[in-house]
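Letters go in sequence order (proteins before strands), and every chain restarts at 1.
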Amino acid sequence: MNDAAFIRLSGVSKTYGRGQAAFQALKGIDLSVAAGDFVAIMGPSGSGKSTTMNILGCLDTPTSGSYRFQGVQVEQLSRKQRTVLRRHYLGFVFQGFNLLARTTALENIELPLIYRHEAAPKRHATARAALELVGLKGWEHHNPTELSGGQQQRVAIARAIVTRPAVLLADEPTGNLDTRTSREIMDLITGFNREQGITVLMVTHEADIAAYAKRIIRFTDGRVDSDRRNGEEA
Amino acid sequence: MLWNTLLLALRAIRRNLMRSFLTILGIVIGIAAVVTLVTLGNGATRSVSDQIAAMGTNQLMVVPGQRFGPGSELGAPSFKIADVDAMRAQITATRGVAPVVSKSVTAVYQTHAWSTLVTGTNNDFFLAGGWEMAAGRNFSDTEERAGKAVCVIGGTVRDKLFGRQSPVGSEIRLKGFACEVIGLLRGKGQAAMGQDQDDTVVMPLRTVQRRLTGSQDIGRIMVSVTNGASMDAVKLQLTSLLRERRKIGESEEDDFRVMDTRQLAETLTGTTRILTMLLGAVAAVSLLVGGIGIMNIMLVSVTERTREIGIRLAIGAFEREVLLQFLIEAVVLSGLGGLIGIALATGASMGLAGLMDVPYLFDPGINLLSFLFSAAIGVIFGFFPARRAASLNPIDALRYE
């Protein structure tokens, strides 16, 4: 891999707190991800996988080391510049869905488009198209409480891909779902990766969910423990 | 960007109707209470000063003691009829000097009874008070001198005792003696403090002293000064005359007061102004309680709002955009609450002013003040928790419990 890699973490460390109470969540991570890849990040809790995810998602900054996203030195960006980066290149799916309460499916999906200042007619059309893509046509005007968990996660995925992001970051996207629904959600995410070439970075602790990915990275104690292509022997 | 943010703010208000309603309600009640009470208080103050102004500027009132009204100093002797006569004799620039003695008495005519205020005085009283006769006549010299049982009654007393019937020539009974009604006063309506001026019976001073109060004391003296004469000069003359008559030494202070209309107005409007301030203060408490209600609602929803902020930030909203949205929300809600409160207060004060017979005075100051106060509460409690949340790392905001 060279420096022009799509995503590259070099010697990334992250320490929370100071002095005695300091906790080193990441202890020098080196990681490259190619465009179009589908990476599952696994590991026990406290292993640093969520911290890595937050750094990759430009939600958090490393204490030391560097993060290049499409050649851009992310740790040198301001908070606002990182927001612009998120707004244009990243889509997020969370374990807890994190839809806005009492807000219809369509309005939830429209939200990132509003922050991209797209005009109303185009915004509505794009949001509708995304809703159809996740198979929720006809559910436009339902609030999150009127949707099942699987449906809520579909809305969340639609919200994440409605801006056609380069990277989809999914933090335990099936953590709150049953097996069958999990499979549907994973099929959906796999589809976006395969058909639209969206790079997917996914945190999970379930092996059968990780099996959907092309590449599986295991974290232990703030370090990369193993990194293999799916199908290779561990 | 502003349009987008406005859209987001309005959506947020719409999807939290209950919260929005409660926020508005607190402000509405607070503002309505403050504005209504202060407006009515102002109206009452104006009504007092108007009525005093209507008395004319050439009236003086002499009262024993240094203070006016309840709490007049004990030990300051009342006036006697000799004081009145001396004023009349020695002070030239007067049109009339009217002694006033009042007592509450029940008046009876046939089967009707009515408790009213009887005033013992002389004919100058009608001049000083601006009273006109609607029917009949005032007192004759003989009646005044002999203390005859005659009276002039006000419109309210007529209504209560005689109904539509003409009272002149009839006899009413007051505390065991009969009294011939010789005149009926033209109606004046409500007085400054809300009492009915027409609820009165006027009799010669001597009659009241002899039959009702049983003493020679005179409560106060009203002096009408000749038009064009100097009020200050008459005041000085009255003061030195009374000091001499009451044997007050050089170094001692007056044990009476000579007040002109302006002083009277100041005393009375001072009272209503204090009342207005008290009422306003009580209402301000309700505004404060409303404010605490808003604060409560805003703080209760802070968990949900913090997560919402986390979502927005993660999705790609600038901190500034989120803050602007929350600010607009707070301003729209508080502003709306303020406007509704002011509208409600305007309606209520107009209606109540009509009922209480005081003028309706729009006071821009109190409207603006209470509006700004409620807006400030809304903004402070809607905006500042949001500001804290927006400065969080989006991930922390998302996980906020």
**OP:** Look at atom CZ of B/F21 and say whether more than 12 heavy atoms of other residues, nucleotides or ligands are closer to it than 6.0 Å.
**Re:** no
Subject >> Contact summary for B/A314 and A/L59, nearest pair of heavy atoms >> reply: CA-CD2, 4.0 Å
**OP:** Could you tell me whether A/Y89 atom OH has more than 12 heavy atoms of other residues or ligands within 6.0 Å of it?
**Re:** no
**OP:** Determine which residues belonging to residues 93-114 of chain A lie within contact range of chain B, meaning some heavy atom pair is under 4.5 Å apart, and list them by number or answer 'none'.
**Re:** A/F94, A/N98, A/L99, A/L100, A/A101, A/R102, A/T103, A/E107, A/E110, A/L111, A/P112, A/I114
**OP:** Please identify each residue that fulfils salt bridge (Lys or Arg N to Asp or Glu O under 4.0 Å) with B/D363, with sequence neighbours left out.
**Re:** none
Original post:
Do you know the tightest heavy-atom contact between B/L313 and A/R86?
Top reply: O-NH2, 3.0 Å
Subject >> Exceeds 12 heavy-atom contacts within 6.0 angstrom, atom CZ of B/R46 >> reply: no
Subject >> Selection from A/K80, A/R82, A/R87 maximising heavy-atom pairs under 4.5 Å formed with chain B >> reply: A/R87
Subject >> Most contacts with chain A, counted as non-hydrogen pairs under 4.5 angstrom, among B/E319, B/E308, B/R312 >> reply: B/R312
**OP:** Please flag which part of A/R79 lies under 4.5 Å from any non-hydrogen atom of chain B: side chain, backbone, both or neither.
**Re:** side chain
**OP:** Rounded to the nearest 0.5 Å, what's the gap from CD1 on B/I395 to CG on A/D171? Could you check?
**Re:** 7.0 Å
Subject >> B/I311 and A/R159, any side-chain heavy atoms less than 4.5 Å apart >> reply: yes
